[in-house]
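Reviewing the structure listed below.
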Amino acid sequence: MDEIRVQLPDGSVRQVSKGTTVLEVAKSISPRLAKAAACGRINGQLVDLGYACESDVELEIVTADTENGLAVLRHTAAHVMAHAVLRLWPQAQLAIGPTITNGFYYDFDVDHAFVPEDLERIEKEMDSIIKEDLAIVREEITREEALQLFREKGQPYKIELVEELGDSVSIYRQGDFVDLCLGPHLLSTGLLKAYKLLNAAGAYWRGDNSRPMLQRIYGTAFVKKGELDAYLVQLEEARKRDHNKLGRELELFMTSDVVGQGLPLLMPKGAKVLQILQRFIEDEEERRGYMHTKTPFMAKKELYEISGHWQHYRDGMFIIGDEDKGDEVLALRPMTCPFQFQIYKNRLRSYRDLPLRYAETSPLFRNESSGEMHGLIRVRQFTISEGHLICTLDQLEEEFRGVIQLIEYVMETLGLTDDIWFRFSKWDPNKKDKYIDNPEAWELTQRQMKRILENLEMEYDEADDEAAFYGPKLDIQARNVHGKEDTIITVQIDFALPERFDMTYVAKDGSSQRPVVIHRTSIGCYERTLAMLIEKYAGAFPVWLAPVQVRVLPIAERHHVYAEEVRERLLSQGVRVEVDLRNEKIGYKIREAQLQKIPYMLVLGDQEMEGHTAAVRSRQMGDQGAMPLQDFETQIAEEIRTKAR
RNA sequence: GCUGGCGUGGCUCAGAGGUAGAGCAGUCGAUUCGUAAUCGACAGGUCGAGGGUUCAACUCCCUCCGCCAGCUCCA
């Protein structure tokens, strides 16, 4: 009998007979490993446990608790879900059903619209499929056979997918269910132990809004029930931090039906946080050589024609005035760049003037379509820490570095450091009307940017078709409590607009040269940042950012005068302080201050009044005991000064 | 913009073809109290808006507005 050599990750080698499956190898190592196995990896390629080794190979047993193993488990869960949906709605057409971070989904084209109760029905059916413990079998068939198969099954989306594949495709069967799939999968449906369907929503076929809207069901699966439960609890906890709920409860912002969609109203507390952020940012920018401008919120159409916004960004703009009626046509600004460029062009610039660093705390207006708006994260009017650095090509890298340093300082100070990453956003050469049409400039700029990123030794992801219409971006991405990714800060290199605006400087040799522009934000959009901060701190802002830093709580009416005195003292030192003079018990006042996430409560009774002290209660640590007022003032001042978190 | 869900006093929610209810918040009164809810009374809603069906609509139908999740798009 032929023997082959199987080399394991630890370097050891096993002699097994030809045709031995991955599972058999796992069993020979240890029964526990075999039980935990989800799939194998042969020479780097993931394979089913049923895969038979036919020649010398390197083999790794992939257990279900690893990233790859979990993906296999979830992919199998997606198949089981599709199987269940087909049992309940035999006419359903299957689209795709991949795994995603933390779960899986499957897209269906069905007449019936899935409602929450349907998810329970589907889960019941999945439970039966799991109980039946159907073997999951891989088959390699020809393209023609696959087309024939899916024609018989009435699955046009699968046919479309097969048509784009090579001569041989793999399918997986479980009972009467069959799906086009690369695999690998678990060996049988019975191995699925802990899963949950989460929600149903619409999704375009192949993410293309000109193609049919399908129905997507999201779900997740884990190895153990305990892990699933823990994940569901974690989801629940995350939702409690949702800025859109917390921000309203804490009276940071509100919306009004009559004001309109995507137009949040910042209430005094929310406005206070933004004001503090703005002061922090503007001071920091000034320290780093930026000059602040204040430019109009709107401009004539002609300005946007020069910038290219009229050609590439028109859908995103609010346009005022009807051209057909002979009105003057203006547009609210969606970006500040064209305005600051006008300032640059106000006079002849010398290389000695460069780099010029313009910044502006800019309200911007973008006509987002109706389904996009979300709390403070996606809105139609927002304030951005916009800035443009105009420099020579030689200065580009140094300026870029300075921008990154500022951003890192800001993020660090705000405590926005977890689950944040950089994304190098490039253009898509196939989308001509979306981008300024100058392929050479695009490629050159992107190479330039990539080199800078590499010189800065930055870690980043790359994304196609995420660039601005005029240039590539380095985006700083963050995730909200729903796990959704958003750009919070962006840095862009722009060779296009300096040319369109004919920006020049006089070089040392007297020649006229073209500068380069870096578009950048330092904190991004203030409203969005506020949303991120609410979610990060669950509304309990660090003291320096808290809209109310101290609440004074007198115990009885005879302490009111002293309470007012304490308030006055703190107020005169710039501390944001309130006093609760209501006729309520101290427990009640504390509870309210606590729910409002006020960092410090000063409880004042007879003893405090007598000794000129305050009983300090911290929102995090509870009762801290009495301390001289002076000491508390020093302590909180230091905490504010250092922006302690 | 698309798919689906939702819209009842400030908030959380109950109710239902015959014309609205609770808790919290609010107001007033009592209580003057030591670290997460004192007691009582009162007040508060053209049931998101408009149109239609009906003897009768908060409830059924249509349109619009807004909110939520996802898709597309994007800071």
Side-chain angles (χ1 to χ4, degrees), chain A residues 105 107 112-116 118 198-218 239 242 244-245 248-249 251 254-263 313 315-316 334-335 362 364 366-379 382-386 425 434 465-466 468 473 475-478 482 484-490 492 519 521 523-529 531 553-560 583-595 601-608 615-619 622-626:
Chain A
Y105 68 78
D107 286 348
H112 172 84
F114 295 129
V115 294
D118 290 331
L198 298 171
N199 60 311
Y204 296 108
W205 168 232
R206 309 203 119 177
D208 182 342
N209 62 6
S210 65
R211 309 206 59 180
M213 172 70 64
L214 309 172
Q215 294 193 72
R216 175 172 297 176
I217 300 178
Y218 285 94
R239 279 194 205 103
D242 187 344
N244 206 8
K245 196 162 165 26
R248 291 169 198 269
E249 278 168 17
E251 298 192 315
M254 56 168 284
T255 49
S256 154
D257 288 8
V258 291
V259 172
Q261 259 198 315
L263 298 168
Y313 207 83
D315 287 348
M335 299 178 195
S362 305
L364 300 182
R366 296 188 187 173
N367 194 1
E368 302 290 342
S369 38
S370 63
E372 319 292 0
M373 265 73 79
H374 170 61
L376 292 176
I377 287 184
R378 277 292 283 283
V379 292
F382 54 96
T383 314
I384 204 163
S385 59
E386 185 129 65
S425 301
K434 194 169 164 184
D465 197 22
E466 293 287 352
K473 307 192 288 178
D475 293 320
I476 288 98
Q477 302 295 106
H482 296 106
K484 207 168 158 165
E485 176 179 342
D486 281 302
T487 300
I488 51 175
I489 290 181
T490 178
Q492 304 152 10
H519 304 239
T521 62
I523 194 176
C525 162
Y526 282 93
E527 291 81 356
R528 183 174 285 186
T529 301
L553 310 177
I555 287 181
E557 224 166 288
R558 63 179 178 280
H559 310 121
H560 283 195
N583 182 7
E584 293 291 350
K585 290 163 91 166
I586 197 66
Y588 182 90
K589 293 184 182 182
I590 287 170
R591 179 182 152 81
E592 276 216 339
Q594 195 76 41
L595 290 175
M601 290 153 253
L602 299 183
V603 177
L604 306 181
D606 292 336
Q607 294 157 38
E608 290 75 19
V616 178
R617 186 188 164 95
S618 137
R619 135 189 97 183
D623 191 359
Q624 302 289 287

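Predicted model, so just to flag it, every value in this text is computed and none were measured.
With hydrogens and angles left out, the side chain of A:Y204 and the base of B:G70 share no donor-acceptor pair within 3.5 Å. Remark: the A:Q215 side chain and the B:U3 base include no donor-acceptor N/O pair separated by less than 3.5 Å. The base of B:A75 sits within donor-acceptor range of the side chain of A:E368, with an N or O pair under 3.5 Å. At a cut-off of 3.5 angstrom, counting only N and O atoms as typed in the model, there is a donor on one side and an acceptor on the other between the side-chain of A:R378 and the base of B:C73.
The distance from atom CG of A:N244 to atom CD of A:E249, rounded to the nearest 0.5 Å, is 10.5 Å. If you take OH on A:Y526 and OG1 on A:T521, they are separated by 9.5 Å, rounding to the nearest 0.5 Å. Atom-to-atom distance recorded for A:D118:CG and A:H112:NE2 is 3.5 Å, nearest 0.5 angstrom. Once rounded to the nearest 0.5 Å, the distance linking CD1 of A:I377 with CG of A:D242 reads 8.0 Å. The distance from the CD atom of A:E527 to the CZ atom of A:R378 is 13.5 Å, given to the nearest 0.5 Å.
Here the C1' atom of nucleotide B:U32 and the CG atom of A:L553 are 15 Å apart, to the nearest Å. Atom CG of A:D208 and atom P of B:G1 are 19 Å apart (whole Å). When the C1' atom of B:U72 is taken as reference, atom NZ of A:K484 falls 10 Å away, rounded to whole Å. Here B:G70 presents its C1' atom at 14 Å from CG of A:N209, a figure rounded to the nearest Å. If you measure from atom CD of A:E557 to atom C1' of B:U32, you get 7 Å, rounded to the nearest angstrom. If you measure from atom CG of A:L604 to atom P of B:G34, you get 15 Å, rounded to the nearest angstrom. To the nearest angstrom, C1' of B:C67 lies 9 Å from CD of A:Q261. Rounding to whole angstrom units, CD of residue A:E584 and C1' of B:C28 are separated by 13 Å.
In this structure, A:S362 and A:M335 have side chains that are not in contact, with every pair of non-hydrogen atoms separated by 4.5 Å or more. Counting heavy atoms from C-beta on, the side chains of A:E608 and A:V603 never come closer than 4.5 Å. With contacts defined as side-chain heavy-atom distances shorter than 4.5 Å, the pair A:N199/A:R216 does not qualify.
Between A:H374 and B:A69 there is a side-chain N or O to OP1 or OP2 distance below 4.0 Å. Using a 4.0 Å cut-off, some side-chain N or O of A:K473 falls inside it from OP1 or OP2 of B:A75. The phosphate of B:G1 (OP1 or OP2) has a side-chain N or O of A:S370 nearer than 4.0 angstrom. When the side-chain nitrogen and oxygen atoms of A:R558 are compared with OP1 and OP2 of B:C33, one or more of them lie within a distance under 4.0 Å. Taking 4.0 angstrom as the limit, A:Y218 places a side-chain polar atom (N or O) nearer than this to OP1 or OP2 of B:C71.
With both ends at atom C1', the span from B:C33 to B:U27 equals 22 Å, rounded to whole Å. Look at the C1' atom in both B:U59 and B:G52: the space between them is 15 Å, to the nearest Å. Annotation: B:C68 and B:U12 have their P atoms spaced 12 Å apart (nearest Å). One C1' atom belongs to B:U53, the other to B:U63, and the distance between them is 15 Å to the nearest Å. A gap of 15 Å separates the C1' atoms of B:G23 and B:G15, to the nearest Å. When the P atom is compared between B:C61 and B:G7, the two are found 13 Å apart, to the nearest whole Å. Between B:C60 and B:G45, the two C1' atoms lie 22 Å apart (nearest whole Å). Nucleotides B:G66 and B:A49, compared at atom C1', are 10 Å apart to the nearest Å.
Base contact: A:E608 has a heavy atom under 4.0 Å from a base atom. Heavy atoms of A:D315 sit nowhere under 4.0 angstrom from any nucleic acid atom. Here A:R366 lies in heavy-atom contact (under 4.0 Å) with a base. Contact annotation for A:E372: base contact, defined as any heavy-atom pair under 4.0 Å involving a base atom. At a threshold of 4.0 angstrom between heavy atoms, the contacts of A:A203 are confined to the sugar-phosphate backbone, with no base atom among them. Contact annotation for A:A200: no contact, since no heavy-atom pair falls under 4.0 Å across all strands. Contacts of A:D623 with the nucleic acid, taken as non-hydrogen atoms under 4.0 Å apart, include base atoms. Among the heavy atoms of the strands lying under 4.0 Å from A:Y588 are primed sugar atoms or P, OP1, OP2 only; no base atom is included. Here A:K434 lies in heavy-atom contact (under 4.0 Å) with sugar-phosphate atoms only. Nucleic acid contact class of A:E527 (heavy atoms, under 4.0 Å, all strands): none. Residue A:L595 is in base contact, counting any heavy-atom pair closer than 4.0 Å across all strands shown. Contacts of A:I586 with the nucleic acid, taken as non-hydrogen atoms under 4.0 Å apart, involve only primed sugar atoms and P, OP1 or OP2. Residue-level contact check: A:G605 touches the bases, meaning some heavy atom is under 4.0 Å from a base atom. Contacts of A:A593 with the nucleic acid, taken as non-hydrogen atoms under 4.0 Å apart, are absent.
Nearest-nucleotide positions on RNA chain B for A:K245 and A:G260 put A:K245 closer to the 5' end. For A:G524 and A:H559, each mapped to the nucleotide of RNA chain B holding its nearest heavy atom, the one lying further toward the 5' end belongs to A:H559.
Between A:K434 and A:D465 there is a salt bridge, since a side-chain N of the basic residue sits under 4.0 Å from a carboxylate O of the acidic one.
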Original post:
A:E386 and A:L364: side-chain contact (heavy atoms from CB on, under 4.5 Å), yes or no, with the steps?
Top reply: CA-CA 10 Å; A:E386 185 129 65; A:L364 300 182; 4.0 Å; yes

Subject >> Full working for side chain to side chain donor-acceptor pair (under 3.5 Å) between A:R248 and A:T255 >> reply: CA-CA 9 Å; A:R248 291 169 198 269; A:T255 49; 2.8 Å; yes

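Other residues, nucleotides and ligands contribute over 12 non-hydrogen atoms within 6.0 Å of the CG atom of A:D208.
Stems are defined here as 3 or more consecutive Watson-Crick or G-U wobble pairs with pairing distances under 3.5 Å; those involving RNA chain B are B:1-7 with B:65-71, B:10-13 with B:21-24, B:26-30 with B:38-42, B:48-52 with B:60-64.
The listed nucleotides are B:C71, B:C74, B:U35; the one nearest the side chain of A:R528 is B:C74. Minimum atom distance to the side chain of A:V115 is reached by B:G5, of the listed B:G5, B:A75, B:G34.
B:A75 has A:F382 stacked on its base ring, the centres lying under 5.5 angstrom apart and the planes within 30 degrees of parallel.
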